[in-house]
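Worksheet: one structure, shown below.
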Amino acid sequence: VDDNQLVGAADLDDSEALDIIATLEGPFCVIENLAGETLTFDEPLLGGNEANVTFNLSSDETGTSQVNAFIAVNHAHDFVTNVLPDVPELDAPVLTRVNVDDDCNAFFRREGDGILEFFRSGGCANSAYSSIVFHEYGHFFSLIACGYDRIMPAYDEGMADGLALLMTGTSEIGSDFNGPPKECDSRAPLRDLAESKAIYPNDVLSERHEAGLILGRAFWNLRENLIGAHGEPEADEILSTLHLKSLFLPQARAVLSPDLVLDFLNVDDLVFGDGNIFNGTPNDTSIVSAFTISGLEIPTVASVSHVPL
């Protein structure tokens, strides 16, 4: 798949035909539909013609979820590897299960190389769409960066929300997850980073998604600060670099704590600065103020004086 187009060529005489078979299986994503057969395109191509490969002609829910998930996972892969081109583990195909018969959820299973799952039952929307897929892919990314045993759940959720924010440019995670608005009935998203009041350390022991909003809130405020300083396109480029590269720092501990501020400052200085964090970093004011709003104040350096006995 190249820019959502199937690429291929064959020389055929006008009297010849070739069967074109395509599936939702590529180098970075493999779709498995748990509510029936996985979509397949199978049509003959006559010589002298072009094939328009279209999945889900009926646009039903079970088919749309398969196409949505396949496109979104590929977009997430391309987004992450644009910042981190030298991480070969990210180029593995992620098994992505859609239409799982369960209620109002999506899930990343830490089994094998990781499995993405998106649910379809209950009173909620089918979860295989945009920000939900990007969030779950964020867990896959954290697994690649940190391994199985090193990730604090709240940190994992906050970093996954951060990836969804970066890819959508909005503060809402799971817009209309409980169903689309009806007339004047506005349906709230699952989480809204801009509206969160989560703060460290008060909320760090809350349910993992709620605790993750401490970090998600910091991401949103940092993006706003960077937009004010650089404009939106450059701000998103800077924040993507800070977010994704911070997980690969040798000292990164994958814990939701004020040490995260130092991780972001280190990346800021290594990528955009002079390599000397002690004389400040290019975006230190934006970073420190955003994390401070979430209670993640930069750790202070204690000085110790010693009087010989």
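Remember, it's a predicted structure, so these values are computed and weren't measured experimentally. Below, each value reflects all heavy atoms present in this structure, side chains not excepted, and no hydrogens, waters or symmetry copies.
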side-chain contact (heavy atoms from CB on, under 4.5 Å) with E297: which residues, sequence neighbours excluded? T292
Within residues 205-214 or reaching into it, pairs that qualify as salt bridge (Lys or Arg N to Asp or Glu O under 4.0 Å) - sequence neighbours excluded: D156-R208, E157-R208
Write out all pairs satisfying salt bridge (Lys or Arg N to Asp or Glu O under 4.0 Å) with one or both partners inside residues 90-99, taking only residues at least two apart or from two chains. E32-R97, R97-E117
Compute the centroid of each ring, for Y137 and then for F140, and state whether the two points are separated by less than 6.0 Å. yes
Of all the heavy-atom pairs spanning D236 and L166, show the shortest one and how long it is. O-CD2, 4.2 Å
Got a donor-acceptor contact below 3.5 angstrom from the S294 side chain to the A218 backbone? yes
To the nearest 0.5 Å, what is the distance between CG (L213) and CG (D192)? 9.0 Å
D274: partners by side-chain contact (heavy atoms from CB on, under 4.5 Å), with sequence neighbours left out: D269, N276, N279
Qualifying residue for ring pair (Phe, Tyr, Trp, His ring centres under 6.0 Å) with H243, from F248, F264, F219, F79: F219
So, N99 and T62: side-chain donor and acceptor under 3.5 Å apart, yes or no? no
N266 side chain to L262 backbone, donor-acceptor under 3.5 Å: yes
Search all heavy atoms of E25 against all heavy atoms of F70 and return the closest pair with its distance. N-CE1, 3.8 Å
Side-chain donor-acceptor pairs of residues 196-206 under 3.5 Å, sequence neighbours excluded:
unit_1 : atom_1 : unit_2 : atom_2 : d
S196   : OG     : A198   : N      : 3.1
D203   : OD2    : I199   : N      : 2.9
S206   : OG     : D203   : O      : 3.1

Within residues 255-267 or reaching into it, pairs that qualify as salt bridge (Lys or Arg N to Asp or Glu O under 4.0 Å) - sequence neighbours excluded: R253-D259
